[in-house]
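Below: the structure, in structure tokens.
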Amino acid sequence: MTISRRVFLASGAAVAAVTVNQLSRTRVSVAQSNRVLNLYSARHYDTDTALYESFTQKTGIKINLVEAEADKLIERIKSEGANSPADVLITVDAGRLWRAQDAGILQPVSSKILQTEIPASYREPGGHWFGFSKRARVIVYNKDKVKPSDLSTYEDLASPTWKGRLISRSSNSIYNQSLTGALLAAYGDKKTEDWAKGLVTNFARKPEGNDTAQIKAVAAGAADVTFVNTYYVVRLAKSNKPEDQEVAAKVGVFFPNQKDRGTHVNISGGGVVKTAKNPEAATQFLEHLMSPEAQEIFAKGNNEYPMLKTAAIDPMLASYGKGFKEDTLNAAVFGKNNLVALQIMDRAGWA
Ligand code: FE
């Protein structure tokens with residue numbers, strides 16, 4: 001039996017013993033219990049079920065979940081047009097959230113809770129999307145070959161010191177497009193292209209594999225340094241497989257650019273779909289995601305940093321770093337910069 005059904009029956013049973021006034025109120029709550037929020041999500045963590053259940057318990061609104069890859073969800077909402085059942089879209093990376101906004105499938109939301117609890121740099125200024133958890137793109141190094149004092153900034157990885165010692169996944173990775181988009185905002189086209197060329201010159205191998213593959217290669221000595229999202233390191237450290245734990249033990253995590261603009265931080269986030277049939281419930285759901293209990297579950301699902309300042313950080317993640325200086329460039333800026341960033345990366349040979 002679903003939670004919304006339980007709420008429905010409880011409300012129904014109460015009807016018999018109430019006055020007319022109370023009856024009309026009960027009818028409202030029965031109607032609410034039948035409401036459904038259609039959530040299109042690119043997240044697929046078991047812990048998310050708890051998020052949905054707590055929302056249903058709080059509001060009586062049942063969640064109907066559609067899971068798929070982000071780009072497929074965006075395409076689906078576009079092709080469903082005005083008939084789309086989607087109320088909320090949840091996905092990762094500001095680049096994709098920007099893509100959804102650019103496709104015209106999100107509507108602006110005005111919410112005091114979201115505006116107060118989410119720092120300005122982690123929400124789209126017009127209210128089209130909001131970040132609910134954070135991931136830092138950090139430098140990962142082989143502890144036998146590199147000391148933290150050898151490291152400083154993303155920019156420095158393009159210097160001759162790192163020739164033949166750096167690896168990266170390809171320019172197809174939206175994470176690298178967002179990172180390059182952040183440098184683009186700081187330096188402009190020319191300097192960013194020089195930086196990308198410097199990185200490519202330093203590559204120990206052609207870009208291949210995902211973030212986890214970069215960490216494993218650095219642990220195995222195929223290169224000395226790489227850059228990845230924090231949760232991939234934590235995932236290896238928490239793995240049941242001894243070989244993954246060995247990989248995590250061999251590498252260190254360094255938060256770059258602490259003496260200037262801060263480490264590049266990206267988000268998991270979402271927004272209300274333009275054609276939502278339940279825009280109020282959709283906004284309520286986003287506000288629910290910022291509640292202290294939801295924040296811990298949402299962040300924990302993928303070993304990310306919670307958005308809410310007072311929410312607890314996973315101890316393993318915290319052991320790699322917390323309280324570091326975050327780049328306060330608005331996520332909408334580097335999200336929007338993705339396309340130009342990709343062109344720059346391709347020109348630089350970062351295939
Ligand atoms: Fe990822």
Side-chain angles (χ1 to χ4, degrees), residues 40-48 51 65 67-74 89-100 122 129-140 154 167-182 207-219 225-239 241 244 247-248 251 253-256 263-271 289 295 297-307 313-314 316-318 320-322 324 326-327 331 334-335 337-338 341-342 345 350:
Y40 282 27
S41 176
R43 276 170 64 99
H44 41 265
Y45 306 116
D46 296 342
T47 47
D48 285 5
L51 285 178
L65 180 66
E67 284 179 303
E69 280 171 32
D71 292 330
K72 288 196 178 118
L73 292 176
I74 294 171
L89 173 71
I90 299 280
T91 185
V92 297
D93 203 289
R96 282 204 193 86
L97 290 160
W98 168 260
R99 238 179 255 170
Y122 296 123
W129 44 267
F130 303 85
F132 297 106
S133 61
K134 303 182 282 188
R135 62 272 297 281
R137 198 139 181 88
V138 289
I139 297 175
V140 160
Y154 300 108
I167 51 171
S168 161
R169 67 193 291 177
S170 86
S171 58
N172 284 336
S173 157
I174 198 160
Y175 306 147
N176 283 343
Q177 292 167 23
S178 284
L179 171 63
T180 305
E208 62 173 66
N210 56 19
D211 275 20
T212 303
Q214 311 311 311
I215 304 169
K216 287 181 175 174
V218 164
V225 287
T226 187
F227 38 87
V228 299
N229 289 349
T230 29
Y231 56 87
Y232 289 107
V233 187
V234 178
R235 202 179 283 174
L236 286 165
K238 283 183 171 179
S239 167
K241 296 182 190 159
D244 287 346
V247 167
V251 300
V253 164
F254 183 85
F255 289 79
T263 297
H264 172 65
V265 174
N266 212 317
I267 54 174
S268 290
L289 289 184
Q295 270 291 293
I297 302 167
F298 191 90
K300 212 164 218 159
N302 190 28
N303 298 304
E304 290 185 85
Y305 293 97
M307 188 59 72
I313 300 173
D314 173 80
M316 183 67 85
L317 174 61
Y320 284 104
K322 61 172 185 175
F324 56 93
E326 303 168 22
D327 189 345
F334 64 75
N337 278 352
N338 267 31
L342 178 60
M345 294 158 93
W350 188 345

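Counting starts at 1 for both ligands and their atoms, in listed order.
- Defined by atom type and a distance below 3.5 Å, a donor-acceptor pair is present between the side-chain atoms of Arg137 and Asn176.
- Looking only at atom types and distance, the side chain of Lys134 has no donor-acceptor partner in the side chain of Asn266 under 3.5 Å away.
- Remark: side-chain polar atoms of Ser171 are paired, donor with acceptor, to backbone N or O of Trp350 under 3.5 angstrom.
- Under the 4.0 Å criterion applied to side-chain N and carboxylate O atoms, Asp244 and Lys238 are not assigned as salt-bridge partners.
- Ordered by chain and number, Tyr175 OH, Tyr231 OH, Tyr232 OH make up the set of protein N, O or S atoms under 2.8 Å of the Fe ion (ligand 1).
- Taking the six-membered ring for Trp and the full ring otherwise, the centers of Tyr305 and Phe324 sit less than 6.0 Å from each other.
- Gln177 contributes no side-chain N or O that, together with a main-chain N or O of Met345, makes up a donor-acceptor pair within less than 3.5 Å.
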